[in-house]
Amino acid sequence: MLIELLNQYAGKELARPKRPKERHWASDAGVCIRRLVYQWRGVEGKKPDTRTFFVFEDGDLHHKSVRELLRQAGVELIMEETPISDPKMRLSGKLDAVIRFDGKYYVLEIKSVNRYAFEEIMREGPKEEHALQLQLYLHYVQNLFRIQAKSGILFYKCKDTSRFWEFPVDYDEKEVNNFFATIKSIEEYLEKDILPERPYKITDWQCQYCDYQGICWGEYSAELKKRLSEIEDKE
């Protein structure tokens with residue numbers, strides 16, 4: 001009874017028509033550039049199921065819980081869920097927190113993951129896209145809010161076991177400039193009305209879990225058939 005009601009609510013939220021992207025987002029860091037071009041064009045991908053909706057809602061609750069626990073533990077939170085806007089780059093974002101600890105400022109980026117992802121992160125280190133997102137927040141905290149935070153902390157929470165893991169990240173301007181270059185290349189693809197090359201293979205996890213897999217690789221099938229037809233004609 002209640003589950004059905006929740007699923008109906010999630011279904012209505014997911015059914016809202018999606019508009020083409022109007023801004024770049026800090027969370028675009030590390031996302032497939034071809035996927036981003038589709039989104040800017042307003043191409044509809046596969047609609048997520050209701051479970052995906054609840055996963056994101058659950059993540060927000062974990063983030064709030066981590067901040068509150070840190071506050072109770074004596075960490076000074078200077079900024080929380082603070083919006084970021086860069087009109088020049090047409091980029092927006094929302095940083096989780098800026099904290100002051102042992103007399104220094106840090107940008108805090110919180111990620112909640114399942115047990116399998118958590119164990120992989122403990123073994124192999126933080127996700128590259130998470131570190132890049134934190135780099136962007138470090139850039140804007142220094143340049144937009146004029147807070148001298150030269151380092152950040154990637155803070156992971158395992159949703160299944162309530163374990164924590166953290167990684168210090170030093171600011172790297174080169175990483176930020178590389179992402180800004182990606183933004184410019186996206187706008188060039190849009191202006192020329194062409195798609196970037198596929199950066200992954202269809203067997204890669206990035207494609208397996210992508211909402212645009214059917215569209216992207218469906219186009220590849222059409223391209224392949226056309227090439228084979230051209231070869232046959234020449235023969």
Side-chain angles (χ1 to χ4, degrees), residues 24-32 48 51-86 91-180 182 205-206 209:
H24 303 281
W25 291 90
S27 55
D28 290 342
V31 175
C32 170
R51 178 180 169 276
T52 303
F53 175 83
F54 293 126
V55 166
F56 282 106
E57 291 293 309
D58 183 61
D60 288 340
L61 294 175
H62 282 287
H63 290 197
K64 291 176 182 176
S65 172
V66 167
R67 285 195 298 267
E68 186 56 34
L69 286 170
L70 290 172
R71 182 182 290 107
Q72 292 178 17
V75 176
E76 185 179 4
L77 279 76
I78 305 300
M79 303 169 72
E80 297 181 59
E81 292 194 329
T82 306
I84 288 172
S85 180
D86 182 346
L91 185 144
S92 295
K94 182 185 287 186
L95 61 87
D96 284 328
V98 174
I99 64 173
R100 184 158 51 198
F101 186 70
D102 284 346
K104 295 182 180 179
Y105 292 100
Y106 299 90
V107 175
L108 181 67
E109 178 63 16
I110 304 167
K111 298 294 182 185
S112 55
V113 297
N114 63 33
R115 178 167 57 90
Y116 302 104
F118 188 81
E119 291 174 352
E120 180 183 358
I121 287 163
M122 286 196 301
R123 290 193 310 269
E124 302 180 13
K127 297 289 185 182
E128 183 179 348
E129 59 269 25
H130 296 165
L132 178 53
Q133 188 177 352
L134 178 53
Q135 290 287 358
L136 288 170
Y137 291 142
L138 281 165
H139 172 82
Y140 284 112
V141 165
Q142 293 176 70
N143 292 278
L144 190 63
F145 300 111
R146 303 300 178 184
I147 296 175
Q148 292 305 305
K150 298 293 185 180
S151 299
I153 299 172
L154 261 177
F155 191 94
Y156 287 96
K157 179 183 180 182
C158 178
K159 294 188 284 188
D160 302 328
T161 63
S162 293
R163 292 183 66 189
F164 303 118
W165 204 257
E166 63 183 355
F167 298 93
V169 176
D170 292 330
Y171 176 59
D172 187 342
E173 187 177 7
K174 182 179 177 181
E175 292 289 327
V176 175
N177 289 334
N178 286 341
F179 181 70
F180 288 161
T182 299
W205 70 264
Q206 290 92 341
Y209 292 96

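By convention here, the first residue in the shown sequence is residue 1.
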Chemist: Can a donor-acceptor pair be found, under 3.5 Å and without considering hydrogens, that links the side chain of Y137 to the backbone of K94?
Modeler: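 A pair under 3.5 Å: yes.
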Chemist: Are the side chain of E109 and the backbone N or O of L95 linked by a donor-acceptor pair below 3.5 Å?
Modeler: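 Judged by distance alone, no pair lies under 3.5 Å.
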Chemist: Given the rule in the side-chain contact (heavy atoms from CB on, under 4.5 Å) test, do F101 and I153 qualify, once you have shown the distances and angles that lead to the verdict?
Modeler: CA-CA 11 Å; F101 186 70; I153 299 172; over 6 Å; no
Chemist: Taking C-beta and beyond as the side chain, do S162 and K157 meet within less than 4.5 Å on heavy atoms?
Modeler: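 Contact flag for S162/K157 side chains = yes.
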Chemist: Looking at H62, Q133, H63, which hits side chain to side chain donor-acceptor pair (under 3.5 Å) with K111?
Modeler: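 Only match with K111 under side chain to side chain donor-acceptor pair (under 3.5 Å): Q133.
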Chemist: For the pair E68 and R71, find out whether any cationic side-chain nitrogen is under 4.0 Å from an anionic carboxylate oxygen.
Modeler: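 A salt bridge is present here (some side-chain N lies under 4.0 Å from a carboxylate O).
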Chemist: Can you name the one residue among V55, T161, D160 that meets side chain to side chain contact (heavy atoms under 4.5 Å, CB included) with N114?
Modeler: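 Result for side chain to side chain contact (heavy atoms under 4.5 Å, CB included) with N114: D160.
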Chemist: Do any pairs count as a salt bridge (charged side-chain N to carboxylate O under 4.0 Å, His left out) and have a residue in residues 162-175, sequence neighbours left out, and if so which ones?
Modeler: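 Checked against salt bridge (charged side-chain N to carboxylate O under 4.0 Å, His left out) - neighbours excluded - no pair reaches residues 162-175.
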Chemist: Verify whether the ring centers belonging to H139 and F180 lie closer than 6.0 Å.
Modeler: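 Close enough - the centres of the two rings lie under 6.0 Å apart.
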Chemist: Are Y156 and H130, when compared by the centres of their aromatic rings, separated by less than 6.0 Å?
Modeler: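 Yes - the distance between ring centres of Y156 and H130 falls below the 6.0 Å cut-off.
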Chemist: To check you understand the geometry: which heavy-atom pair defines the closest contact between K159 and S112, and what is its length?
Modeler: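 That would be CG-CB, 3.7 Å.
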Chemist: Return the orientation label for the W165 and F118 ring planes: parallel under 30°, perpendicular over 60°, tilted otherwise.
Modeler: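 Geometry flag for F118 against W165: perpendicular rings.
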Chemist: So, applying side chain to side chain contact (heavy atoms under 4.5 Å, CB included) with R67, which one of I99, V75, L77 is it?
Modeler: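 Going through I99, V75, L77 one by one, the side chain to side chain contact (heavy atoms under 4.5 Å, CB included) with R67 is satisfied by L77 alone.
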Chemist: Do E81 and K64 have side-chain heavy atoms sitting under 4.5 Å apart?
Modeler: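 Side chain of E81 against side chain of K64, heavy atoms only: contact under 4.5 Å found.
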Chemist: Is there a side-chain contact between T82 and V98 in this structure, where contact means two heavy atoms from C-beta onward sitting under 4.5 Å apart?
Modeler: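 No, too far: nothing below the 4.5 Å cut-off.
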Chemist: Taking C-beta and beyond as the side chain, do Y140 and L91 meet within less than 4.5 Å on heavy atoms?
Modeler: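 A side-chain contact under 4.5 Å exists here.
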Chemist: For residues Q135 and Y171, determine if any side-chain heavy atom of one lies less than 4.5 Å from a side-chain heavy atom of the other.
Modeler: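 With C-beta onward as the side chain, the pair touches.
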